[in-house]
Amino acid sequence: MNPQQPNMEDPQQHLLGYSTEHSSPNTKPHKKLALLPLVFLIYFEVAGGPYGEESAVGAAGPLFAILGFVVFPFIWSIPEALLTAELATTFPGNGGFVIWANEAFGPFWGSLMGFWKFFSGVINLASYPVLCIDYLKLVIPALSSGLPRYVSIFISTSVLSFLNYSGLAIVGYTAVVLGIVSLLPFVLLSLFSIPKIDPSRWLSLGQEGVKKDWTLYFNTIFWNLNFWDSASTLAGEVEEPHKTFPKALLSAGLLTCLGYIIPLLAATGAVPLDQQSWVGGYFADVAELVAGKWLKFWMEIGAVLSIIGLFEAQLSSAAYQLLGMADLGFIPRIFGERSKWFNTPWMAILISTFIALAMSFLTFTEIISTVNFLYSLGMLLEFAAFLRLRRKFPALKRPFEVPLGFFGLVLMCLIPSVLLVYVMTVASSIVYVASAFLTSFGIVLYYVLNLCKSRKWVQFSVGHKLDEDGDIL
């Protein structure tokens, strides 16, 4: 479709025509994402299974962990998913939240949104090989530290990145298989736990003498239940996004919530509390206590498969975000280059992989804390953009619309915004320094790239904006 000749009857579709159909003449036509693979990509963007939720029990005890995974979806996950469903179907192009902030507040904020979310996404990528090695070291102790650990992280990151290069449709259906296989051991754990469950264990506030770590608790729950909007960067690759996205978000939401709470209830109810043992990988030990070594082994394999799915989904989101930013003209056109054979954004995948490898020296806790802080900055801007777009384009066609008036939308955004501010206030000093540096870098880069664009030193695409009537400027 030629973006210079938009069909004014459906302006928001053609606003992003270059990003939904962007490809070079030498690339092959690519298959669009259907509902089922999109469900599992969203699932892996957000969760990927209960792996990683153990720290919530270790930080605050069973009762608070259970309450966190029951209450948090209502005050955070549902508002974010509703917002994503409305905006992703209204502006269905690669770039997602970058497009929303750009349309609401202009290119500076669109660019800053892009850098916040991209940095949080690629830093988050680094957490998955680290988490994977934390599980594998239980059966291969040599991976605990030193050169073997770093070599294994490098190899696993490189191999998984190549899989992403092979195509989004392949990644999507791979996510379906990985999701089913990695969840099966938790289904078995829950079933084997039933005869051993003591409901009184769920009410435990933790062991006496073990100090509660609220920073770790909130960071763990937040990290396990955010990134609902990440799949919006793939909107240009989705088949009929106005129909598919709301269904996929609902299905992924149910799968995520049940996938967290049921195994958590089973594990905390079936074994006596040893709070200090509840760290990453402890579900495998519970599996051995409940059913035997065979289930522990399966759960460790499931952890590796789940982390593969998490990595692939997050890398897809980050890469297609860069593709969308290139199509919008925020970054040079070369970042939107697609592979000749697979039609995937090879340059964006390569850059995302390099940054993830550079971040892998951080500890798992430092990674998720930095990710949460940057993501919180982006989400505060995203909520503001959502409200602004409702006011700015009241008559714009919205295939899915959150069924609330403007005051109701403000309340819907206010509660999670308070939570975001709290998550940011409990961050450590290293997180503040890292986040300030990356934010400053993003701002400087915005002005440097604008200079390059004005002087025509580098080739940029030409994006589009809507006027207040929803027409393309």
Side-chain angles (χ1 to χ4, degrees), residues 42 44-48 52 76-77 80 83-84 95-101 109-131 218-234 310-322 324-325 330-331 348-349 351-360 362-385 416-417 419-428 430-443 445-446:
I42 294 174
F44 276 114
E45 290 279 7
V46 178
W76 170 254
S77 299
E80 188 184 9
L83 176 154
T84 301
F97 32 73
V98 179
I99 298 166
W100 312 337
W109 292 104
S111 177
L112 192 56
M113 169 75 89
F115 289 124
W116 278 336
K117 289 297 187 79
F118 178 72
F119 288 140
S120 69
V122 292
I123 293 172
N124 198 32
L125 271 180
S127 70
Y128 300 132
V130 172
L131 189 59
F218 281 105
N219 271 320
T220 299
I221 293 178
F222 187 66
W223 180 77
N224 276 282
L225 283 167
N226 63 14
F227 287 97
W228 289 98
D229 60 339
S230 293
S232 67
T233 63
L234 310 174
L310 287 162
F311 186 95
E312 295 300 333
Q314 188 66 66
L315 180 54
S316 295
S317 173
Y320 280 93
Q321 180 192 329
L322 281 189
M325 291 180 72
F330 284 114
I331 56 179
I349 291 172
I351 291 171
S352 300
T353 302
F354 279 148
I355 297 176
L357 284 171
M359 293 294 115
S360 61
L362 296 172
T363 67
F364 182 72
T365 301
E366 289 171 341
I367 288 172
I368 65 172
S369 297
T370 305
V371 167
N372 286 346
F373 193 94
L374 291 171
Y375 189 78
S376 296
L377 289 172
M379 280 309 305
L380 288 171
L381 178 55
E382 194 169 305
F383 283 129
S417 295
L419 180 63
L420 290 170
V421 172
Y422 175 77
V423 168
M424 294 166 66
T425 60
V426 298
S428 63
I430 190 173
V431 172
Y432 285 125
V433 171
S435 300
F437 171 78
L438 291 173
T439 299
S440 301
F441 177 74
I443 293 172
L445 194 57
Y446 169 76

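The CG atom of Asn372 lies 11.0 Å from the CG atom of Leu377; values are rounded to the nearest 0.5 Å. Asn226 contributes atom CG, which lies 12.0 Å from atom CD1 of Ile221 (distance to the nearest 0.5 angstrom). Taking CZ from Phe44 and CZ from Phe311, the interatomic distance works out to 14.0 Å, rounded to the nearest 0.5 Å. Atom-to-atom distance recorded for Phe119:CZ and Thr370:OG1 is 12.5 Å, nearest 0.5 angstrom. To the nearest 0.5 Å, the span separating OG1 on Thr84 from CD on Glu45 amounts to 11.0 Å. From Leu419, atom CG reaches atom CE of Met424 across 11.5 Å, with rounding to the nearest 0.5 Å.
Closest of all the heavy-atom pairs between Ser369 and Val431 is CB-CG2, 3.5 Å. Nearest heavy atom pair, residue Met325 against residue Ser111, reads CE-O, 4.3 Å. Taking every heavy atom of both residues into account, Ile42 and Ala231 meet most closely at CG1-CB, 3.6 Å. Annotation for Ser77 and Leu225: closest pair OG-O, 3.4 Å, computed over non-hydrogen atoms. In plain terms, the two heavy atoms of Ser376 and Val423 that are nearest each other are OG-CG1, 4.1 Å. Across all their heavy atoms, Val371 and Ser120 have their closest contact at CG2-O, 3.5 Å.
Glu80 places none of its side-chain heavy atoms less than 4.5 Å from the side chain of Pro416. Looking at Phe97 and Met379, their side chains never come closer than 4.5 Å, going by heavy atoms from C-beta outward. A heavy-atom distance below 4.5 Å is found between the side chains of Ile331 and Leu322. Asn124 is listed as a side-chain neighbour of Trp223, based on a closest heavy-atom distance under 4.5 Å. Within the 4.5 Å cutoff, no side-chain heavy atoms of Thr233 are placed close to those of Lys117. Side chains of Leu112 and Thr439 form a contact here, defined as non-hydrogen atoms less than 4.5 Å apart.
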message = Does Ser435 form a side-chain contact (heavy atoms from CB on, under 4.5 Å) with Trp116? I'd like the steps, not just the answer.
response = CA-CA 9 Å; Ser435 300; Trp116 278 336; over 6 Å; no
ask   = When you look at Glu382 and Trp100, which way does the side-chain contact (heavy atoms from CB on, under 4.5 Å) test go after all the steps?
value = CA-CA 8 Å; Glu382 194 169 305; Trp100 312 337; 3.5 Å; yes
ask   = Does the side-chain contact (heavy atoms from CB on, under 4.5 Å) test come out yes or no for Trp76 and Phe222, once each step is laid out?
value = CA-CA 9 Å; Trp76 170 254; Phe222 187 66; 3.8 Å; yes
query = Yes or no on side-chain contact (heavy atoms from CB on, under 4.5 Å) for Leu83 and Asp229, after CA distance, side-chain angles and deciding distance?
reply = CA-CA 8 Å; Leu83 176 154; Asp229 60 339; 5.5 Å; no
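The environment of OH in Tyr422 is crowded: more than 12 heavy-atom neighbours from other residues, nucleotides or ligands sit within 6.0 Å.
The main-chain N or O of Ala318 is never found under 3.5 Å from a side-chain atom of Ser352 such that the two would form a donor-acceptor pair. A donor-acceptor distance shorter than 3.5 angstrom exists from the side chain of Tyr375 to the backbone of Phe227, with no hydrogens or angles considered. Gln321 places no side-chain N or O within 3.5 Å of a backbone atom of Gly96 that could act as its donor or acceptor partner.
The aromatic rings of Tyr432 and Phe373 stand perpendicular to each other, their planes meeting at an angle above 60°, with 30° marking the opposite boundary.
Put simply, the residue from Leu374, Leu445, Leu438 that forms a side chain to side chain contact (heavy atoms under 4.5 Å, CB included) with Phe115 is Leu445.
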